[in-house]
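One structure is given here, and the rest of the page talks about it.
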Amino acid sequence: MRGRRHAASGGPPSAGGGRRECRLLLVFRKTGLLAYLSHLETMRAMERALRRAGLPLSYSEGFSPHPRLTFSPALPVGVASEGEYLEVRLREEVALQGLCERINRGLPRDLRVVRAELLPPHFPKMSRWIGYALYRVEGPDGGGSSVFLALPLAGASRGGGREGAAMPRLRDALESLRKREGWGEGELRVVRAGLYASLDEVKEDAPSGLLEAFGREAELREVSG
Amino acid sequence: MDECRSITGFLLREAGAVEKPARYLGEEVNSCRKDHSAVRLRCVFAYPDVYEVGISNTGIQVLYELVNRRSDALAERVYMPWTDMQERMAAAGIPLFTLESRKPVRDFHLLGITLQHELTYSNAIRMLRLAGIPVRGEERGEDDPLVAGGGPGAFNPEPLAEAFDFLLLGDGEEAVGEILDLLLELRERGASREESLRALAGIPGVYVPSLYRPVYLESGEVASIERSRGAPWPVIRRVVEDLDRFPLPSRPVVPYLEAVHDRCNVELFRGCTRGCRFCQAGMVQRPVRERSQGCLLRWGVEALEATGHDELSLASLSSTDYRGIGELLERMRAELGGRRVRISLPSMRTDRFSLELAEKLGEGRRSGLTFAPEAGSPRIRRSANKDLGEEDLKSVLRAAYEAGWRRVKLYYMIGFPGETDEDVGSIARSVFSALRGERGEKLAGMRVTVSLSTLVPKPHTPLQWAPQLGMEETRRRQQLLKDVLRSRQVELRWHQAEMSYLEGLLSRGDRRLFPVLLKAAERGRGFENWSELFDWEVWEKALREEGLDPSFYVERERGRDEVFPWEHLSGGVRRDFLWSEYQKYWRGEPTPDCRWGDCSRCGACPRGEV
Ligand code: SF4
């Protein structure tokens, strides 16, 4: 699944136990009506879930210390996601066994941590390794087959000489898609399927019918499998 | 079932088009979704204001948890949809629905509306309309929910009493169980609505408006209040003597969106006997009932663990009056040591002791200090019985400055009976003195926010006889302060004169205002306490049409023996005590706090004296 390979290949696994700082990567989903939570609301909800779970959160220094959390790029309000990332800095290592259940206790069905893993100490910052967001889009008639749409994200350092290029916005990409598919005015159902380091990784998860949006105008091109 | 699915579908379609959709989504942590077919009685608690205001109310959370702990009943919640959502609901034919099951409110057995503030009354009416429930109790059929009321407004609900089947006066913790038990029994028996209401009136503290009828004099005053046979006289407010028996709420609902108060609340004590003569809570919640330190510690930790909040607020009418507050704070800090939890004291006396406590809490320097001197002039403070045990604001603020505080919020009121321009001006003088050091030098970096409200005399207080300021005069006195409080270090906030006027109208109103309220609720936009939606003209017109003069209710001083519209309702304190306090107001005489001094035999204690 998304991101796993990077975590596993980024360095040696930590020498278990002991009181040492560690980085925890959580993958959570935000679905159903909770897709309408804003980014800020989602952040607050997850932070409280971590506090309820009693994790040894590491706090920032300074006048008003807050837990050191990093969230994947904001989802537009109303777009559900099956794989959001949250990196948590902990004061000491925790057992992964039963951790998701512990965090999920009390959370509604539509906001759930689905995976947890420890990141190696030198694993790059989230903004440096997340390069693409993949969306699954259903046309207004529903029931029809869905289209996969890959969007490069700003801030990521990807190879391929893309740095500095204008990043397409989801809203524009959906408009391009609407034109291309000849869809009418109706509501599109959009779900963020996951976040990826590279287009190659995206292709593994969405082998057929994958479109990539590029440039300020969010033009679309097919990505061959 | 279908209806709930269609409401979910409606939300999925429309939630993206309204402001702050999280107001309507439900699914909050600690919200309780019980199976409707598994219980015999379904209740909804409603707060007639927008979600982020309502969710911060502890009273509803307490009742919500108490009901949901029972196996035979459930409770859900509803808040007033904002205007954008109301429009969309109307367009789609969606009735007011609960957050938990997304079922129409009218399908529940009991709808409890809390009346926290007069300016939410029009929303209460609008909620009934949105729910499709007839607004007059007498028009409701056997299948309509029973509409109940509670909260401070229940002490004079007369302007909207006819919208309620019954109301509860005072503390709800014990009464809610008695009410539910009785309702279950009545349902079992298949009792009619009328029979049920008569039976409910037998529960102490329950007021059934349809059993009483006011008769008016030519002059407009109430001549008498007639009651039907068997109806209690007066209805006396409920008091929970031992609050330690109600360790609630231990699992408060955690909102997604930023609420007015995003924190856990533990109530240190209920009631306050400082005896401020304008304060209704300080009269009707007597006597003081403290919770034990052990319980407070246990529940505080429990609530923090159940919510994940990072702030624990020790709420009460005057938190620093808690016996052993210093020790409690020490123990809390020890207990919460590694948790990164902020402890806050939302209501402090103006004295050095309170300042030291704030100091101990550390954290606060950022958010600043809040004091409520209420009146600027010593004369008015004496009359209001507000200066007992409080120190000179100036010296307290100077100490605060020395200790490093730079932000101070001060609450003041204008419109005290007998207030002169000199008294009003003294507010400005005390604010400026807070900005000056020993030798009159400027205290650099000090910032003061002055929040100025207009005194609204409340029922069941010594000032219930007193006149309230007219709108013109309110504006003139506000202007006096605006003219002098010009400083970059001072920010002045004030209440719209019309809003305080409406608050006063409804606060001491009678049943003749009901048609006015119905019209205003229909023609206005609700949310009267939101200045951007408030529209006094709607009220003025409705009053004119009903032939009512608002100044009769607001600006008139009442005679000693006048029958009040709330004469049949008792806040526990004797009327002659209130009258003597009113006389002492004019003479500027103090009445000691019975918590530390002698009992003044106000009547609130069941055995006369404690
Ligand atoms: S009866 Fe006496 S002790 Fe009780 S609240 Fe009144 S003044 Fe205080």
Side-chain angles (χ1 to χ4, degrees), chain A residues 30-69 75-80 91-92 102-112 138 140 142 171 174 186-191, chain B residues 5 7-33 51-52 85 99-100 102 251-259 262-264 301-311 336 338-342 362-367 404:
Chain A
K30 181 183 159 192
T31 50
L33 274 175
L34 295 190
Y36 288 104
L37 296 184
S38 71
H39 190 56
L40 189 68
E41 288 158 2
T42 311
M43 285 165 56
R44 286 155 30 97
M46 294 310 293
E47 181 183 328
R48 285 177 183 158
L50 298 175
R51 293 177 65 97
R52 283 194 300 274
L55 294 185
L57 301 174
S58 161
Y59 282 78
S60 63
E61 308 285 324
F63 216 28
S64 70
H66 46 268
R68 299 198 287 167
L69 309 179
L75 270 172
V77 172
V79 176
R91 292 194 309 276
E92 56 196 74
R102 210 165 119 199
I103 302 172
N104 285 337
R105 218 185 305 133
L107 281 178
R109 200 173 18 128
D110 280 330
L111 190 66
R112 282 286 161 107
E138 256 174 51
R171 190 156 29 105
L174 291 174
E187 200 88 8
L188 303 180
R189 227 178 84 77
V190 187
V191 179
Chain B
R5 213 177 291 135
I7 289 174
T8 305
F10 162 79
L11 281 174
L12 278 167
R13 274 195 318 279
E14 303 281 353
V18 297
E19 201 185 301
K20 301 190 186 175
R23 287 168 172 164
Y24 314 105
L25 305 177
E27 299 195 30
E28 307 107 311
V29 168
N30 296 337
S31 64
C32 186
R33 233 174 131 166
Y51 179 96
E52 50 274 40
M85 190 51 154
L99 286 173
E100 283 81 0
R102 298 191 191 111
R251 306 185 61 81
V253 173
V254 188
Y256 289 109
L257 49 75
E258 206 171 323
D262 261 320
R263 58 196 187 196
C264 286
V301 171
E302 243 176 62
L304 286 167
E305 280 176 352
T307 56
H309 279 303
D310 58 4
E311 183 178 347
L336 300 173
R339 281 175 220 252
R340 301 263 180 179
V341 170
R342 210 163 44 236
E363 258 307 313
R365 275 198 196 76
R366 246 174 338 115
S367 43

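In the text below, chain A, chain B and the rest are named by the order of the sequence lines, each starting its count at 1.
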[X], part contacting chain A, at a heavy-atom distance under 4.5 Å:
X      : result
B:S31  : neither
B:R23  : neither
B:E305 : backbone
B:E28  : neither

So which of [options] has the biggest tally of heavy-atom pairs under 4.5 Å with chain A?
options              : result
B:T8, B:D310, B:V254 : B:D310
B:R33, B:R13, B:E258 : B:E258
B:A306, B:G26, B:A15 : B:A15
B:N30, B:L304, B:L25 : B:L25

*Heavy atoms only, distances under 4.5 angstrom: which of A:D110, A:L111, A:L34, A:L107 has the most pairs with chain B? Name it, please.*
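Result: the option with the highest number of such pairs is A:L34.
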Between [X] (side chain) and [Y] (backbone), is there a donor-acceptor pair under 3.5 Å?
X      : Y      : result
A:R52  : A:I103 : no
A:R51  : B:R340 : yes
B:K20  : B:E52  : no
A:Y36  : B:L12  : yes
A:N104 : A:R112 : no

*Drop me the distance from A:E47's CD to A:T42's OG1, to the nearest 0.5 angstrom.*
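One gets 12.5 Å once the value is rounded to the nearest 0.5 Å.
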*Could you tell me the separation between the CD atom of B:E27 and the CZ atom of B:R102, rounded to the nearest 0.5 Å?*
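Nearest 0.5 Å value for the CD-CZ distance: 5.0 Å.
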